[in-house]
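Worksheet: one structure, shown below.
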Amino acid sequence: MMVNSPLLRIEKLSKNFGGLRVIHNLSLLIPKNQIIGLIGPNGAGKTTLLNLLSGFEKPDEGQIFFHNHSLHAMQPYQIARLGIGRTFQIVKPFIGMTVLENAMIGALGQNQSFPQAQKNAMEILDLLELMYVKDLKADHLTLSDKKRLEIARALSIRPQLLLLDEVMAGLRPTEIDRMIPTLKDFQERYSLTIIMIEHHMRAIMACCDHVVVLHQGEKLAEDTPKKIQNHPEVIKIYLGTGVC
């Protein structure tokens with residue numbers, strides 16, 4: 001992928017846990033205003049990569065640059081303030097708080113006033129079709145709505161880069177169909193760059209401009225969704241035959 005002025009630059013990144021190699025010598029350039037799919041078998045290093053990008057893990061080797069600003073030794077809250085938001089595989093809303101209060105937390109952490117944080121949160125909840133549950137406690141939501149709330153919380157910091165970790169996992173096909181245009185809509189509305197881990201290839205094909213395939217912590221391939229879908233090594237290692 002040729003990028004003139006990347007938003008994110010990953011250089012020779014490596015991460016081990018004990019004797020287990022999880023990310024090895026990985027280099028990527030992530031452009032502005034695109035949706036990048038991150039796919040690969042379980043254990044390929046996808047979530048670890050998001051943890052490294054958001055500061056929840058520290059690399060053993062290599063560098064990460066966001067707007068040419070090194071993220072080395074920065075804490076997650078500092079990285080969030082730079083403009084990187086993320087979701088987690090297992091949704092963990094603040095269950096004693098309402099949906100609206102959950103969506104306001106990130107904005108308040110960005111030192112917005114309470115009225116401004118509430119206004120921004122309501123705008124995001126409206127976009128994610130959650131206004132009808134804004135006054136409910138978060139633990140009363142369906143899984144689909146909890147996934148949307150997880151996105152709302154990540155969006156509340158007004159990120160430039162959004163990291164999505166399997167936001168469609170566990171959803172029914174109709175819920176996935178509902179989520180796809182939502183992702184594309186807020187990517188365009190907020191001029192976001194999105195890196196999304198996803199196992200639903202239909203969603204990857206519909207959402208992504210570019211796809212990166214990881215295998216055993218290394219980059220196996222990167223290309224357009226259509227070319228990745230027909231890549232012989234990707235089919236052999238991950239997709240299998242009969243993928244549509």
Side-chain angles (χ1 to χ4, degrees), residues 1-3 6-10 13-15 20-54 56-57 62 64 84-91 147 150-151 154 161-173 175-184 186-187 192-244:
M1 176 169 44
M2 299 299 295
V3 182
L7 178 70
L8 185 76
R9 190 167 83 251
I10 299 168
L13 204 64
S14 292
K15 179 67 179 178
L20 179 64
R21 186 182 76 179
V22 183
I23 299 289
H24 179 65
N25 199 34
L26 180 66
S27 295
L28 291 172
L29 297 177
I30 304 297
K32 299 175 182 177
N33 303 332
Q34 286 196 12
I35 301 180
I36 310 298
L38 188 61
I39 68 171
N42 289 332
K46 303 182 297 295
T47 293
T48 297
L49 178 57
L50 295 200
N51 288 340
L52 291 168
L53 298 180
S54 53
F56 288 90
E57 298 286 353
I64 303 166
I84 299 178
R86 71 161 298 176
T87 68
F88 293 86
Q89 275 188 26
I90 300 173
V91 293
K147 294 273 188 176
E150 185 79 356
I151 296 171
L161 173 63
L162 182 62
L163 310 174
L164 301 179
D165 197 347
E166 295 194 45
V167 294
M168 300 188 204
L171 301 187
R172 296 188 296 270
E175 293 169 333
I176 293 171
D177 289 342
R178 180 181 166 215
M179 184 73 82
I180 288 170
T182 300
L183 293 182
K184 293 178 71 68
F186 67 66
Q187 187 272 330
L192 286 173
T193 296
I194 296 174
I195 301 176
M196 59 182 291
I197 297 174
E198 193 51 64
H199 287 289
H200 293 281
M201 283 306 296
R202 186 160 54 91
I204 290 290
M205 293 295 291
C207 288
C208 296
D209 302 292
H210 202 84
V211 179
V212 175
V213 187
L214 294 187
H215 178 57
Q216 296 180 348
E218 298 182 347
K219 181 174 65 178
L220 175 66
E222 62 171 316
D223 215 318
T224 63
K226 185 173 180 61
K227 288 183 178 179
I228 286 295
Q229 192 179 35
N230 295 298
H231 191 290
E233 281 299 302
V234 177
I235 292 172
K236 178 182 177 181
I237 290 171
Y238 179 58
L239 296 179
T241 59
V243 177
C244 59

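All of these numbers come straight from a predicted model, not from anything done at the bench. Residues take their numbers from the sequence shown, with the count starting at 1.
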Say you draw a straight line from CD of Glu198 to CD of Glu166; how long is it, rounded to the nearest 0.5 Å?
-> 6.5 Å

Report the C-alpha distance between Arg86 and Asp165 in whole Å, list the side-chain angles of each, state the deciding distance to 0.1 Å, and finish with yes or no for side-chain contact (heavy atoms from CB on, under 4.5 Å).
-> CA-CA 8 Å; Arg86 71 161 298 176; Asp165 197 347; 3.7 Å; yes

Rounded distance [0.5 Å steps], CD in Glu57 versus CG in Leu50 = 11.5 Å

Closest heavy-atom pair, Lys184 versus Cys207, reported as atoms and distance to 0.1 Å, is NZ-O, 3.9 Å

Taking C-beta and beyond as the side chain, do Leu53 and Leu8 meet within less than 4.5 Å on heavy atoms?
-> yes

Would you mind reporting whether Ile39 and Leu214 have side-chain heavy atoms less than 4.5 Å apart?
-> no

Side chain of Thr48, backbone of Val22: donor and acceptor closer than 3.5 Å?
-> no

Closest heavy-atom contact between Ile180 and Ala203?
-> CD1-CA, 3.8 Å

Between Glu233 and Ala221, is there a donor-acceptor pair closer than 3.5 Å when you use the side chain of the first and the backbone of the second?
-> no

Going by distance alone, is a donor N or O of one side chain under 3.5 Å from an acceptor N or O of the other, for Gln89 and Thr47?
-> yes

Applying side-chain contact (heavy atoms from CB on, under 4.5 Å) to Arg178 and not counting sequence neighbours gives Glu129, Ser144, Asp145, Arg148

Determine whether Pro173 and Arg202 make a side-chain contact, defined as any pair of heavy atoms from C-beta on separated by less than 4.5 Å.
-> yes

Hey, is CG on Leu20 packed in by over 12 heavy atoms from elsewhere, all under 6.0 Å?
-> yes

Of all the heavy-atom pairs spanning Leu52 and Lys15, show the shortest one and how long it is.
-> CD1-CB, 4.0 Å

For Thr224, check side-chain contact (heavy atoms from CB on, under 4.5 Å) against everything at least two apart and list the hits.
-> Lys226, Lys227

Do the non-hydrogen side-chain atoms of Leu28 and Leu13 ever get within less than 4.5 Å of each other?
-> no

Considering all heavy atoms of both residues, which atom of Thr193 and which atom of Asn33 are nearest to each other, and what is their separation?
-> OG1-N, 2.7 Å

State, yes or no, whether a side-chain contact exists between Tyr238 and His215 at a heavy-atom distance under 4.5 Å.
-> no

Please round to the nearest 0.5 Å and tell me the distance separating atom OG of Ser14 and atom CD1 of Ile23.
-> 8.5 Å

Correct closest heavy-atom pair for Ser27 and Lys219 would be O-NZ, 3.5 Å

Dump the intermediate steps for side-chain contact (heavy atoms from CB on, under 4.5 Å) on Leu183 and Leu164, then the final yes or no.
-> CA-CA 10 Å; Leu183 293 182; Leu164 301 179; 3.8 Å; yes

What are the two closest non-hydrogen atoms of Gln187 and Gln34, and how far apart are they?
-> NE2-N, 3.8 Å

Pro6 vs Pro31 side-chain heavy atoms within contact, under 4.5 Å = no

Heavy-atom distance under 4.5 Å between the side chains of Leu49 and Ile10, does that happen here?
-> yes

After noting the C-alpha distance and the side-chain angles of Met168 and Met196, does the key distance pass the side-chain contact (heavy atoms from CB on, under 4.5 Å) rule?
-> CA-CA 10 Å; Met168 300 188 204; Met196 59 182 291; 4.1 Å; yes

Is a side-chain donor-acceptor pair under 3.5 Å present for His210 with Glu222?
-> yes

Is the closest side-chain heavy-atom distance between Met179 and Lys147 below 4.5 Å?
-> yes

Sub-3.5 Å donor-acceptor pair from the side chain of Asp209 to the main-chain atoms of Ile35, do we have one?
-> yes

Under 3.5 Å, is there a donor-acceptor pair between the side chain of Thr87 and the main chain of Ile151?
-> no

Where do Ile194 and Ile36 land on the side-chain contact (heavy atoms from CB on, under 4.5 Å) test, with the steps shown first?
-> CA-CA 6 Å; Ile194 296 174; Ile36 310 298; over 6 Å; no

